[in-house]
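Everything below concerns the one structure shown next.
Naming: A, B, ... by sequence-line order, numbering from 1 per chain.
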Amino acid sequence: MYKVFLSLLKRDLRLAFRHKSEILNPLFFFVIVVTLFPLGISPDKQILAEIGPGIIWVAALLASMLSLESLFRSDFDDGTLELMLLSEYPLSIMVLAKIVVHWLITGFPIIIFSPLLGTVMFLNDDAIITLMITLLLGTPILSLIGAIGMALVVALKRGGMLLSLLVLPLYIPVLIFSSNAVGSSMAGLSISGQLYFLAAFMVFCLTLAPIATSAALRISLE
Amino acid sequence: MYKVFLSLLKRDLRLAFRHKSEILNPLFFFVIVVTLFPLGISPDKQILAEIGPGIIWVAALLASMLSLESLFRSDFDDGTLELMLLSEYPLSIMVLAKIVVHWLITGFPIIIFSPLLGTVMFLNDDAIITLMITLLLGTPILSLIGAIGMALVVALKRGGMLLSLLVLPLYIPVLIFSSNAVGSSMAGLSISGQLYFLAAFMVFCLTLAPIATSAALRISLE
Amino acid sequence: MKAIMKWIYHLASPKHFYRIAGKLIPWFGWIAAILLIAGSIDGLFIAPVDYQQGDSYRIIFIHVPAAWMSMFIYMVMATSGAIALIWKIKLADVIASSSAPIGAAFTFLALVTGSIWGKPMWGAWWVWDARLTSELILLFLYLGYMALESAIEDPRSAARACAILAIVGVVNIPIIHYSVEWWNTLHQGATVTKLDKPSIHISMLIPLMLMAFGFKLYYVAAVLSRARNKVLITEQNSSWVKEVVALESGAKNV
Amino acid sequence: MSKTETGLQVKSLSCERGYRELFNDLNFELLPGEILHVKGENGAGKTSLLRILAGLALPVSGEVIFDGCDCRKYRSEYNEHIAFMGHKPGIKLELTPVENIQSYCDLGQRKTQQQIMDTLYQVGLYGFEEMYCNQISAGQKRRVALAQAILSNAKLWILDEPFTSLDVVGVDFFLKMIQQHVDNGGMILLTTHQEVNLNNYMIKFLQLPDGSISH
Amino acid sequence: MSKTETGLQVKSLSCERGYRELFNDLNFELLPGEILHVKGENGAGKTSLLRILAGLALPVSGEVIFDGCDCRKYRSEYNEHIAFMGHKPGIKLELTPVENIQSYCDLGQRKTQQQIMDTLYQVGLYGFEEMYCNQISAGQKRRVALAQAILSNAKLWILDEPFTSLDVVGVDFFLKMIQQHVDNGGMILLTTHQEVNLNNYMIKFLQLPDGSISH
Amino acid sequence: MFEMLQMGKYGAYVWSSYGLALIVMGYVVIKPVMDKKTILKDLMMKYHRESHQHIESHQLKKEQENL
Ligand code: HEM
Ligand SMILES: Nc1ncnc2c1ncn2[C@@H]1O[C@H](COP(=O)(O)OP(=O)(O)OP(=O)(O)O)[C@@H](O)[C@H]1O
Ligand SMILES: Nc1ncnc2c1ncn2[C@@H]1O[C@H](COP(=O)(O)OP(=O)(O)OP(=O)(O)O)[C@@H](O)[C@H]1O
Ligand SMILES: [Mg+2]
Ligand SMILES: [Mg+2]
């Protein structure tokens, strides 16, 4: 079972790296969306520092959501998803491998780049560290919840918009707690409560989301 | 020629209304994205009024961009796009009809709902009226420019992310001028300059974008 | 145990359900109507004026029951979705999907009446308070549920996919309920639902309870009549539906 | 080769996909009343050829001449004369057959409701006018596409694997329509991997990639 | 019908799509060494039947029994015994044939590199191990899928229109592989609209929707 | 009486809430009643069609044999 997980992980990473240009798309999207705001709102330092955490988080959320397509779409289109359903191993293990890959190519680069964007948004050092921690705890949740939504719409032709309608409401708790944590740490307040919540929610999703996702996949492919 | 335009307009509207549930998706997306910001940033009246115009505009921009898929994707998938290319009438007329429909089902509802969201973001009445005017001038530009981008990626399987990278940078001038106009009118300043720019840009796009789009379509379908 | 399950399956068979629901609907409907009329009259004209809020508090008799229903109906949807997934009882799917539009309607009512109440009380139609926002999210969950249901062509797959969505969305319910405790906000804390001693005067509690029960029974009547329609559609190939259709549309023509 | 002023002439056409040459210096002509069956194994370039002939793709070099005019210069006129049926059905599943045909005709010469109905009956879709196309079978969808081709009054039909996933009855019906079109002086260009029996018809074969022509 | 403990038994299966009944109370069995050709016109429900048998879709009612066990209760064991080839190729275009087969095998029993290479040669893909699958032809892609089926050691192959868009050589090769599998005691369930000549083989026909069986 | 209906200065708020509730809840119960009519009509037509299709498909087969 462990081996299925590893081999699927390896395959998906290899596929991702074969589309070199695509692997950076979520990151680019993230950066562009973040830069839209200083342009659309105001380049004022005070304001940017205030809205920075929220904006970075919203951009991360949108980038993660829009890249969900890559999670199952191509496997569905070429029929390898059917083969996975017909494997003798549990589907949820394979689903987990795919979610991990999704996180590695969307969440992870975003975390790496977040200090840069935090600096650009005039966040202080504490806030930047908190930002990274919340992203580290939060982006896996986004991938996990997003996988459920994607599994529900994978068989639909025009699923893109619907996906956002299904998934965004579920992302909101993560957004609230994370950006609240960053804001608090900027103001020098304690943030352990928010981080506990995020960690607990992540563990919760990690155990249940793969199961829900595989159930949803079986239904979608019917 | 006029008749082709009308008949395609009618057909696409009819198709849109056959998917009743889908026709409201861009609007829902717009509303959800706008609500993300007060949650992620701060519920404070002062701050929201300041960032409101920018946020509403960014959300409109994302909603318009994400719904571009509906512009050519289904026609491409079922082969009716090929038939259009093989028509004896100019392709750009037909493309224009499709763009108009796209605007009617994304831009137009957004304009209708913008006063509500403006109120929720604590904009004053002047700002709300300006917001509606900029949306009226700006959302057609988004559809027109977006059509070019969509035409370029329509034949690609994983075009979603790429599309946003192509199109978002081109949207930026619209974003800057529009949100600037709303901000200025909130501060009681004159906004005619920005509106002139938007109007001129719209006329420019209206004449050239359909031609560029049809050229791009011919290349994509090759 | 087996006998009980068998009995449940029997009762939950579409044919039985159609017949029994048809008999129950008038009962629930009329009792709901009486409760709602009594509650409204009591709430609008008899209950005393609130010393703080003046007459505007009378919105409570719509707002609070509607808000409760919005959450209750979501729980019903999630539970019956789970039942349908686990025990493969078709009827549970029907109940869940018939509930969605009613739940959305109540959520909409709670939002709008809250908003109308907010204007005189807080001076704004809307504030970004946690409870208000989470109620808005609940509306989006309902809308997402209905959008997914209509997007999937095959009705059986649609029902099962929606069941999963409903179950996953349940996390939002505790967030709505506890939001007032977690965040210090404008919205009123628990006044009615405090278990030991409701901090609301009995003369106001009576119409509130009348309305709350009226809403519940109203929901039952509404969901049953929707479910009856759904059953007709899903079972359209079975012989009993053919008989029912012949009977009922024949009766109309005469 | 005699100089003709009618029909389709293809002169020294060559085509590349990626960096691979599919065919080179291809020459043939197709006259009214003729059928040309393009043959070749998987990936030989049949679809590519047909798309070039329909004006959907550009060749690396060579000319396609129809009724004496270069079809790339007179694209709009050329488009009037051809009907193309590619791998994709060209039919909107959310519209009824009538609406589909209507909106196809709106792209070319307009047709009256009466003409459309007549053609629908001709292809045997009586009773299906009101159903959405996602409720009718694959074979019936093909009939809708056929009705479109018939109504377009096009002289040249370009058909890429028209028999795919059709059952026997469907294939027979399609062949009958092809024969009718040829009898009326039309031209047909088609590819298929299946055996078709169009005996007694003027049928040419074009073998890709060697590009030899046999009768 | 005799009570058997091997092979596939299908008992009173019925299936609906949308609100339409496709088949009802379908019964048949398939024994080792047999081929079952499911026939029916477009939209008759062939694909739906095959997907139910593969465990990808749920029937409205009825049972599928394999080697004496209900296949929905013992899904993982059942999956070991079947190989499914649907309308979609099941092959990643961005991987080479070897990588494709490797990752297919990783979903079931693992295979050594040697075994994989042997099977590749057996299906005639010598020299193509290193190319990406988007550079090989449709027929060659099918061969990769075949190699996967062979390597899976599955007893029952479920093939939905395996000959679509294959040229004559491709079809012949495919048939040869099918015969080999049956000779080794395997079972085959297939649909196709094309004529196939599998003379001398124990081939049964199942006609949908009336569900009659003929030999 | 009019005083009472005016509800101090809050009449508009209160009455619009109750009115909206009436409209929304009324719609929710009337919708299924209307739906039922169309469902019965559609199903009637469908059954009608099916009972005739039998005959039609026979005719179709005969036509094909004649060809
Ligand atoms: C758009 C605005 C509003 C929304 C979305 C909203 C939403 C809700 C919800 C969801 C509940 C049920 C909570 C639960 O039972 O856990 C509730 C209860 C309540 N609301 Fe509102 N509300 C809004 C405005 C107001 C206003 C302006 C007031 C009064 C000033 C108010 C007073 C109450 C009261 C008294 C309760 C009962 C609390 C309890 O006993 O649990 N609401 N509201
Ligand atoms: N978009 C593309 N880009 C690059 N190469 C392509 C593209 N489309 C097709 N090809 C290549 O061009 C060649 C010819 O393809 P084409 O579709 O014309 O073949 P075909 O004869 O129609 O084959 P089939 O019988 O499988 O339909 C193939 O080898 C294919 O790999
Ligand atoms: N996802 C779906 N939702 C609803 N109906 C469907 C769906 N897929 C197929 N159908 C319907 O089910 C019927 C049977 O389809 P199926 O694909 O099983 O037919 P088939 O015998 O394989 O046909 P073909 O020969 O065209 O492949 C068709 O009438 C089709 O319209
Ligand atoms: Mg081809
Ligand atoms: Mg099929």
Please walk me through it: do E:Leu107 and A:Glu88 pass side chain to side chain contact (heavy atoms under 4.5 Å, CB included)?
-> CA-CA 7 Å; E:Leu107 297 176; A:Glu88 52 212 80; over 6 Å; no
Tell me, yes or no, whether the heavy-atom count around E:Tyr121 atom OH, taken from other residues, nucleotides or ligands under 6.0 Å, exceeds 12.
-> yes
Assess whether salt bridge (charged side-chain N to carboxylate O under 4.0 Å, His left out) is satisfied between A:Arg18 and E:Glu99, documenting all intermediate values.
-> CA-CA 13 Å; A:Arg18 293 254 158 103; E:Glu99 286 167 345; 3.0 Å; yes
More than 12 heavy atoms from other groups under 6.0 Å of NZ on A:Lys10 | no
Atom group of A:Phe76 that falls short of 4.5 Å from chain E, counting heavy atoms = both
Give a yes or no on whether A:Phe28 atom CZ has more than 12 heavy-atom contacts from other residues, nucleotides or ligands under 6.0 Å away.
-> no
Value rounded to 0.5 Å, distance of CG in E:Leu56 from CZ in A:Arg218 = 8.5 Å
For the residue pair A:Leu86 and E:Ile82, what are the closest heavy atoms and their distance?
-> CD2-CD1, 4.3 Å
E:Asp106 side chain vs A:Val4 backbone, donor-acceptor pair below 3.5 Å | no
What distance do A:Ser7 atom OG and E:Tyr104 atom OH have between them, rounded to the nearest 0.5 Å?
-> 13.5 Å
Would you mind reporting whether A:Arg11 and E:Gln102 have side-chain heavy atoms less than 4.5 Å apart?
-> no
Looking only at E:Arg75, E:Gln148, E:Met85, the option with the highest number of non-hydrogen pairs under 4.5 Å against chain A is E:Arg75
Toward chain E, the part of A:Met94 with a non-hydrogen atom under 4.5 Å = side chain
Output for pair (E:Glu94 CD, A:Leu15 CG), nearest 0.5 Å, gives 5.5 Å
Of all heavy-atom pairs between A:Leu83 and E:Phe84, which one has the smallest distance, and what is that distance?
-> CD2-O, 3.9 Å
Given side chains that start at C-beta, do those of A:Ser74 and E:Lys92 come closer than 4.5 Å, heavy atoms only?
-> yes
Counting only heavy atoms not in A:Phe113, do more than 12 sit closer than 6.0 Å to its CZ atom?
-> no
For A:Asp125, look at atom CG and say whether over 12 heavy atoms of other residues, nucleotides or ligands are found less than 6.0 Å away.
-> no
Is there a donor-acceptor pair under 3.5 Å between the side chain of E:Arg51 and the backbone N or O of A:Leu221?
-> yes
Enter the distance from E:Ser103:OG to A:Asp12:CG here, rounded to the nearest 0.5 Å.
-> 9.0 Å
Counting only heavy atoms closer than 4.5 Å, note whether E:Tyr132 contacts chain A via side chain, backbone, both or neither.
-> side chain
Tell me, yes or no, whether the heavy-atom count around A:Phe108 atom CZ, taken from other residues, nucleotides or ligands under 6.0 Å, exceeds 12.
-> no
Side chain from CB out, backbone as N, CA, C, O: work out which of these in A:Asp77 comes under 4.5 Å of a heavy atom of chain E, or both, or neither.
-> backbone
Hey, are the side chains of E:Leu95 and A:Arg14 touching, using non-hydrogen atoms and a 4.5 Å cut-off?
-> yes
Working to the nearest 0.5 Å, report the span between NZ of A:Lys3 and CZ of E:Arg110.
-> 5.5 Å
